Amino acid sequence: MKRIAVVPGDGIGKEVIDAALEVLNTLNLPFKYEWGEAGDAVKEKIGVALPEETLQLCRESDAVLFGAVGETAADVIIKLRMELQTFANLRPAKSFKGVKALYDSVDIVIVRENTECLYKGLEFEVTEGVTESIRVITKEASERIARYAFELAKREGRKRVTALHKANVMRKTCALFRDVCRAVAKDYPEIQFNDYYIDAACMYMVMDPWRFDVIVTTNMFGDIVSDLAAGLVGGLGLAPSGNIGEENAIFEPVHGSAPDIAGKGIANPSAAILSATMMLKHFGYLNEAEKIEKALADTIAEGKTTPDLGGNLKTMGMVEEIQKRLKGEA
Ligand code: NAI
Ligand code: MG
């Protein structure tokens, strides 16, 4: 029995997590769900965004299924990732049939370092009108994430790893990251390796995304290029993620609480459902994950989607369509 801490959060976080659980419940899985509160609403109520009980629940769980929070994201999800030492943030971007996007055959996995860089939160006001932020990059964390990226490439039969950096300007931090990636690449001669400056890589991603297979990069750049990659395949409604550590893992859609559509019941549940299937794969339930992914892909291909993908279904309407396909009723 796996213990899953469910932290829906704010806004559409709650809506898409309800939807993902509904889909998981269609299959018979040995999971015990335990709920934790976090986010803007909790902060308003009790003064803290990530209560100690929730943090404890997450620590004790085998995995966390997280929705999204609002303005307290730095206090909640960034803190959770650091506390649980989930050092690798996986963000796949894959094209879906039937989704209007720039391209129809993108398949990239972004492996983002999740514990350091500018996200350490080492920010200071030096004097009025002058602020500072410290960017921490270590050999140890860079090596760990580079190895993770190559191992993932090996495991998934992928052919190339590309490191993104800006070592021409950040001559210490980015140069260290780049050099460590280059050194680790030598241990994986069967996998191609190259590195690009982050700015040029953004242009290549838009104009020629097939150059990329697995991308490995630092925390801040990884955050930015993963939204770019999501945009290439049809938007945040389709972008899942996993944060993987030695002892714990957090699965969450890339998107936030989307206050512009929250409460309307029209959030696309796909990103949360795909995050749940990443969790299934993490636990070794590969068949179940594939079944759900196929049902979701078929649902999308047939245009049974929420408005962000051009359909007219509500969140739960899309869930029903997926369930029908899971049960072989459609
Ligand atoms: P967002 O991801 O919430 O929304 C960006 C745009 O994408 C909006 O137009 C939204 O309607 C749309 N969108 C996002 N997810 C969607 C879905 N599942 N279905 C359909 N449309 C979807 O990012 P935004 O607007 O920059 O931030 C809103 C709040 O979320 C902020 O308070 C921010 O701090 C927080 N945030 C939290 C994150 C987290 O908890 N991991 C991540 C990103 C933002
Ligand atoms: Mg982001």
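Atoms within a ligand are numbered from 1 in the order they appear, just like the ligands themselves. Note that the structure is predicted; figures quoted are calculated from it, not measured.
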I'd like to know if [atom] has any protein heavy atom within a distance of less than 4.0 Å.
atom: atom 25 (O) of ligand 1; answer: no
atom: atom 12 (C) of ligand 1; answer: no
atom: atom 9 (O) of ligand 1; answer: yes
atom: atom 38 (C) of ligand 1; answer: yes

### Query
Among G256, P253, A267, which residue places a heavy atom closest to atom 23 (O) of ligand 1?
G256
### Task
Would you mind finding which of G39, P259, A258, P307 brings a heavy atom closest to atom 3 (O) of ligand 1?
A258
Would you mind listing which atoms of ligand 1 come within a distance below 4.0 Å of any non-hydrogen atom of [X]?
X: D308; answer: 20 (C)
X: A68; answer: 40 (O)
X: E252; answer: 41 (N)
X: I77; answer: 41 (N)

Answer yes or no: is there an ion pair linking [X] with [Y], defined by an N-O contact shorter than 4.0 Å?
X: D18; Y: K14; result: no
X: E320; Y: K314; result: no
X: K32; Y: D62; result: no
X: K159; Y: D213; result: no
X: E293; Y: K94; result: no
X: E71; Y: K43; result: no
X: E321; Y: K324; result: yes

### Test item: N114 and N219 side chains (from C-beta on) under 4.5 Å apart, heavy atoms
yes
### Query
Any N/O/S of D223 under 2.8 Å from the Mg ion (ligand 2)?
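Short answer: yes, at least one N, O or S atom is under the cut-off.
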#### Entry: Structural part of V69 in contact with ligand 1, heavy atom criterion under 4.0 angstrom
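The part of V69 near ligand 1 is both the backbone and the side chain.
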### Query
With backbone taken as N, CA, C and O and side chain as the heavy atoms from C-beta onward, which portion of N268 lies under 4.0 Å from ligand 1: side chain, backbone, both, or neither?
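It is both parts that get close, each with some atom under 4.0 Å.
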### Query
Do any heavy atoms of V254 fall under 4.0 Å from ligand 1?
yes
### Query
So is S257 in contact with ligand 1, going by heavy-atom distances below 4.0 Å?
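S257: in contact with ligand 1 (<4.0 Å).
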## Note on the structure
Rounded to the nearest 0.5 angstrom, the CE-CZ distance for M278 and R91 is 10.0 Å
### Task
Would you give the length of the straight line joining atom OH of Y204 to atom CZ of R211, rounded to the nearest 0.5 angstrom?
5.0 Å
Would [X] count as being in polar contact with ligand 1, using the rule that some N or O on each side must be under 3.5 angstrom apart?
X: A73; answer: no
X: I12; answer: no
X: R81; answer: no

To the nearest 0.1 Å, how far is [atom] from its closest protein heavy atom, and which atom is that?
atom: atom 14 (C) of ligand 1; answer: H255 CB, 3.6 Å
atom: atom 7 (O) of ligand 1; answer: L236 CD1, 4.0 Å
atom: atom 31 (C) of ligand 1; answer: E71 OE2, 3.3 Å
atom: atom 34 (O) of ligand 1; answer: G70 O, 2.9 Å
atom: atom 22 (C) of ligand 1; answer: I261 CD1, 4.0 Å

### Query
With a cut-off of under 6.0 Å to the ring centre and 45° to the axis, is R112 in cation-pi contact with Y119?
yes
### Message
Do R135 and F221 form a cation-pi contact, if we require the NZ or CZ to be under 6.0 Å from the six-membered ring centre and within 45 degrees of the ring's axis?
### Response
yes
### Task
For the residue pair F150 and F193, categorise the inter-ring angle as parallel (less than 30°), tilted (30 to 60°) or perpendicular (more than 60°).
tilted
### Task
Show your working on side-chain contact (heavy atoms from CB on, under 4.5 Å) between D308 and L238 and close with a plain yes or no.
CA-CA 10 Å; D308 57 302; L238 289 172; 6.0 Å; no
